[in-house]
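Inspection log for the structure reproduced underneath, given as structure tokens.
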2 protein chains.
Amino acid sequence: MTAVDLSTHPGHLARRLQQAHTLLWTTMVSEETTSPQFAVLNALTEKPDIDQRTLSEHVHLDRSTIADLVARLGRRGLLERVRDPHDGRRNVLKLTDEGAAVHRKLVTRTTRMNRVFLAPLDEGEQETLLRLIGRVADAAEELRG
Amino acid sequence: MTAVDLSTHPGHLARRLQQAHTLLWTTMVSEETTSPQFAVLNALTEKPDIDQRTLSEHVHLDRSTIADLVARLGRRGLLERVRDPHDGRRNVLKLTDEGAAVHRKLVTRTTRMNRVFLAPLDEGEQETLLRLIGRVADAAEELRG
DNA sequence: GCGAGTTGCTCAGTGTACTGACTAAAATCT
DNA sequence: AGATTTTAGTCAGTACACTGAGCAACTCGC
């Protein structure tokens, strides 16, 4: 009968926000490397030699998705996946030199992109937006920790 | 070299927000009908007899994605897709009785879910969050209108 | 009224993201 | 040590979401 106004629905808005971000990313940052892939490169820059499980916690993705992502990045030669000799279940991950180079390049571009993306808001609003999204996401993740 | 802090990156936060939302949706709203599918049902409740192109504008999804979604909902008997006799290119879409019933049921559950999802914020913050996301998304969509 | 352009849809391909079932390896508990 | 449980990873299946190519139908300019 009566339809609702989707612009008051956080889920719908979240999807649109991510969609808009992806679009801008491909034009301003990279067509080859996606934002989740950058998150993986970034995590491995900060913490090399971790396994897929630990990585999945850092970037907030589940193990299946990480496996796909890591396989793609491996195929492109941006990281290495080596079986842990001390624990035969684990794949130990490490960036290659090329992977580190790609990460360095994307860091500057990403910074620039974020400025453009948030340009419609003033500085206080930008800070508020990021903080509020973080709180909602954290709380929701808590529910199924 | 130096890794960045992803918690200050709107794209990463947007993905986490949507991820958290999807998780809560499947537990509190429906396991069969996803949030984008609900958006389609809602749009057709408000405006029946539109074609896929118009629908894609209403829910902010591209034509390929809409085609998939509509096909799935059609298979489940929630909507009908009829060739427009006046324009042989168009598929005219209309909810079935069952589709309208599913929409009605999900409206109440979605309202409840949104309350839980935004519960970590007070009312002013909730309003702020939705408004700020909307402004950023609108502006970004403007760039590639 | 006919050719050129536009429009609505489909299809193939790729990437993200989940669940659930499974395998293999390690840790734990008698 | 042997049986049980937990853990890391893979695989199949499904859904969302985009691009780019292509097709069929309509519109417009002349």
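Predicted model, so just to flag it, every value in this text is computed and none were measured. Naming: A, B, ... by sequence-line order, numbering from 1 per chain.
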Without decimals, in angstroms, what is the distance between [X] [atom1] and [N] [atom2]?
| X | N | atom1 | atom2 | value |
| --- | --- | --- | --- | --- |
| B:Ile50 | C:dG8 | CD1 | P | 12 Å |
| B:Arg90 | C:dC9 | CZ | C1' | 12 Å |
| A:Leu55 | D:dG9 | CG | C1' | 13 Å |
| B:Arg53 | D:dC26 | CZ | P | 17 Å |
| B:Glu57 | C:dG8 | CD | C1' | 12 Å |
| A:Arg89 | C:dA27 | CZ | C1' | 7 Å |
| B:Arg76 | D:dT14 | CZ | P | 14 Å |
| B:Asp84 | C:dC9 | CG | C1' | 13 Å |

Minimum heavy-atom separation for A:Thr27 to A:Leu24, with atom names?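 Closest approach of A:Thr27 to A:Leu24: OG1-O, 2.9 Å.
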What orientation do A:Phe117 and A:His21 show, parallel under 30°, tilted 30 to 60°, or perpendicular over 60°?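 The rings of A:Phe117 and A:His21 stand perpendicular, inter-plane angle above 60°.
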Value rounded to 0.5 Å, distance of CG in B:Leu143 from CE in A:Met28: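 Result: 9.5 Å between the selected atoms.
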Partners passing salt bridge (Lys or Arg N to Asp or Glu O under 4.0 Å) against A:Arg53 (at least two apart in sequence or in another chain): A:Glu57
Most 5' of A:Pro85 and B:Asp87 on DNA chain C, judged by nearest nucleotide: B:Asp87
Say whether B:Thr8 and B:Asp5, considering side chains only, have a donor N or O and an acceptor N or O under 3.5 Å apart. no
Taking C-beta and beyond as the side chain, do A:Val92 and A:Asp51 meet within less than 4.5 Å on heavy atoms? no
Counting primed atoms plus P, OP1 and OP2 as sugar-phosphate and everything else as base, spell out the protein contacts along nucleotides 10-18 of chain C at 4.0 Å heavy-atom distance: B, S or - for each nucleotide, 5' to 3'. BB---SBBB
